[in-house]
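Counting convention: from 1, in listed order, for ligands and their atoms alike. These figures come from a predicted structure and were not determined experimentally.
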Amino acid sequence: MITLALSKGRIFDETLPLLAAAGIQVLEDPETSRKLILPTSHADVRVVLVRASDVPTYVEYGGADLGVTGKDTLIEHGGQGLYQPLDLKIAQCRMSVAVPAHFDYASAVRQGSRLRVATKYTAIAREFFAGKGVHVDLIKLYGSMELAPLTGLADAIVDLVSTGKTLQANQLVEVEHIMDISSRLVVNQAALKLKQASIRPIIDAFAQAIAKTADPTP
Ligand code: PRT
Ligand code: MG
């Protein structure tokens, strides 16, 4: 049996076409089913639904053989014990620093002020500001980062941005682009050795599907 860990929402939705390219159909819709283990058209392949931030942990400890996870989540997890064969180019966005429109970020940085930064992504934020030589107090949050500067909890946030509409709706502006983000296929290293014959074809089919999307000419 091969177990693939996915999170509901954009990662599940954008992984479906890749699974289809590997000849695998998921037989239940996670939005209507309450099941956490979904069967597929392959009797020996199943999908488990976990929190996005739990995907690397499931794969690291062998609760799943494979998983799909954002680069953001993977960096925060640390990636230990995970083979990362493919950038799937799905669920694309960017990691940015944002501040209230009235906050003079450039001056604050120039003057060497200590910035209060709220984020779910403390490892990425710590490394980014250390690289710039900016002193920060990091405030760990688990969601709704946009609220932190509006309530005086923080001067700035580090968060994911795709269309920019969430920032705009909360009068926040992007002041730094930290990195581009997309989702990765992660594989348990022991499973790759022991279940090589079942896992390799899935990796190869995903790789071909991505290459086709990047260059659609036959
Ligand atoms: O929601 P939950 O707490 O369970 O976990 P999660 O938020 O990590 O899961 P999910 O499914 O929301 O995101 C899974 C992965 O999708 C992330 O780890 C990213 O790699 C990727 N991804 C791509 C995004 C976005 N785009 C994105 N726009 N993840 C989150 N967002 C959020 C962002 O945090 C912000 O609140 O959407 C908002 C901004 O969107 P725009 O379009 O308004 O800019
Ligand atoms: Mg979310």
Side-chain angles (χ1 to χ4, degrees), residues 4-19 26 29-38 47-60 63-64 66-80 82 84-101 117-128 138-151 153-154 156-187 206 210 213:
L4 170 68
L6 297 176
S7 53
K8 271 205 231 180
R10 66 191 109 218
I11 288 192
F12 182 89
D13 298 344
E14 295 187 36
T15 301
L16 283 187
L18 297 172
L19 284 170
V26 182
D29 177 359
E31 299 304 330
T32 54
S33 169
R34 285 171 184 268
K35 285 189 192 164
L36 296 175
I37 300 182
L38 307 179
V47 169
V48 292
L49 296 174
V50 302
R51 245 340 246 276
S53 45
D54 291 335
V55 168
T57 308
Y58 265 82
V59 178
E60 176 187 3
L66 308 155
V68 176
T69 183
K71 183 181 173 186
D72 49 313
T73 308
L74 196 50
I75 294 175
E76 294 296 323
H77 166 270
Q80 58 276 7
L82 300 175
Q84 302 170 27
L86 289 176
D87 177 350
L88 301 174
K89 310 263 171 71
I90 60 168
Q92 295 186 338
C93 56
R94 56 191 184 272
M95 184 72 72
S96 297
V97 180
V99 299
V117 179
T119 188
K120 182 170 155 186
Y121 307 100
T122 48
I124 293 171
R126 187 175 297 111
E127 160 126 23
F128 175 75
L138 293 176
I139 302 166
K140 169 88 184 184
L141 291 178
Y142 292 88
S144 302
M145 265 79 83
E146 298 86 3
L147 191 58
L150 307 181
T151 54
L153 179 67
I157 60 170
V158 168
D159 196 9
L160 299 171
V161 182
S162 60
T163 62
K165 284 182 184 161
T166 305
L167 291 181
Q168 208 184 354
N170 292 290
Q171 286 94 47
L172 299 171
V173 292
E174 255 176 300
V175 288
E176 303 263 18
H177 172 267
I178 301 180
M179 64 176 78
D180 287 324
I181 298 286
S182 56
S183 288
R184 313 285 142 136
L185 182 66
V186 292
V187 185
F206 277 22
I210 302 159
T213 313

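- Counting heavy atoms closer than 4.0 Å to ligand 1, residue Leu167 contributes nothing at all.
- Atoms of ligand 1 found under 4.0 Å from any heavy atom of Glu146, numbered from 1 in the order shown, are 35 (C), 36 (O).
- Listed by number with element, the atoms of ligand 1 under 4.0 angstrom from any heavy atom of Thr166 are 38 (C), 39 (C), 40 (O), 41 (P), 43 (O).
- In this structure Asp13 satisfies the salt bridge (charged side-chain N to carboxylate O under 4.0 Å, His left out) test with no other residue, sequence neighbours excluded.
- Closest approach of Val97 and Val158 over heavy atoms only: CG2-CG2, 4.1 Å.
- Inclusion of Asp159 in the set of residues having an N or O under 3.5 Å from an N or O of ligand 1 is warranted.
- Judged by distance alone, with hydrogens and angles left aside, the side-chain atoms of Glu76 form a donor-acceptor pair with the main-chain N or O of Ala123 at under 3.5 Å.
- The residue from Ser53, Ser7, Ala91 that puts a heavy atom closest to atom 21 (C) of ligand 1 is Ala91.
- If you number the atoms of ligand 1 from 1 as listed, the ones under 4.0 Å from a heavy atom of Gly70 come out as 20 (O).
- A donor-acceptor pair under 3.5 Å links the side-chain atoms of Thr151 to the main chain of Leu147, judged by distance alone.
- Contacts between Cys93 and ligand 1, counted as non-hydrogen atom pairs separated by less than 4.0 Å, involve the side chain only.
- Geometrically, ligand 1 and Gly164 share a nitrogen or oxygen pair separated by less than 3.5 Å.
- Looking only at distances, a side-chain donor or acceptor of Lys140 sits under 3.5 Å from a matching main-chain atom of Lys120.
- When each of Thr69, Leu6, Val68 is paired with Val55, the side chain to side chain contact (heavy atoms under 4.5 Å, CB included) condition holds for Thr69 and for no other.
- Under a 4.0 Å heavy-atom criterion, Ser183 is not in contact with ligand 1.
- The main-chain N or O of Leu172 is never found under 3.5 Å from a side-chain atom of Asn170 such that the two would form a donor-acceptor pair.
- Of the residues Val47, Leu38, Val48, the one that meets the side chain to side chain contact (heavy atoms under 4.5 Å, CB included) test with Leu4 is Val47.
- If you number the atoms of ligand 1 from 1 as listed, the ones under 4.0 Å from a heavy atom of Ala52 come out as 5 (O), 6 (P), 8 (O), 9 (O).
- Not a single heavy atom of Gln168 lies less than 4.0 angstrom from ligand 1.
- Of all atoms in ligand 1, listed by their number and element, those nearer than 4.0 Å to a heavy atom of Val161 are 44 (O).
- Here is the list of ligand 1 atoms found below 4.0 Å of a heavy atom in Thr163: 41 (P), 42 (O), 43 (O), 44 (O).
- Sequence neighbours left out, the pairs with a member in residues 172-181 that pass side chain to side chain donor-acceptor pair (under 3.5 Å) are Arg94-Glu174, Ser96-Glu174, Tyr105-Glu176, Lys132-Glu176, His177-Asp180.
- Counting heavy atoms under 4.0 Å from ligand 1, residue Lys120 touches it through the side chain alone.
- Within ligand 1, counting atoms from 1 as listed, the ones closer than 4.0 Å to a heavy atom of Arg51 are 2 (P), 3 (O), 4 (O).
- Minimum interatomic distance between Val161 and Leu167 (heavy atoms only, all atoms of both residues): CG2-CD1, 3.7 Å.
- Within the listing of ligand 1, atoms 18 (O) sit less than 4.0 angstrom from a heavy atom of Thr73.
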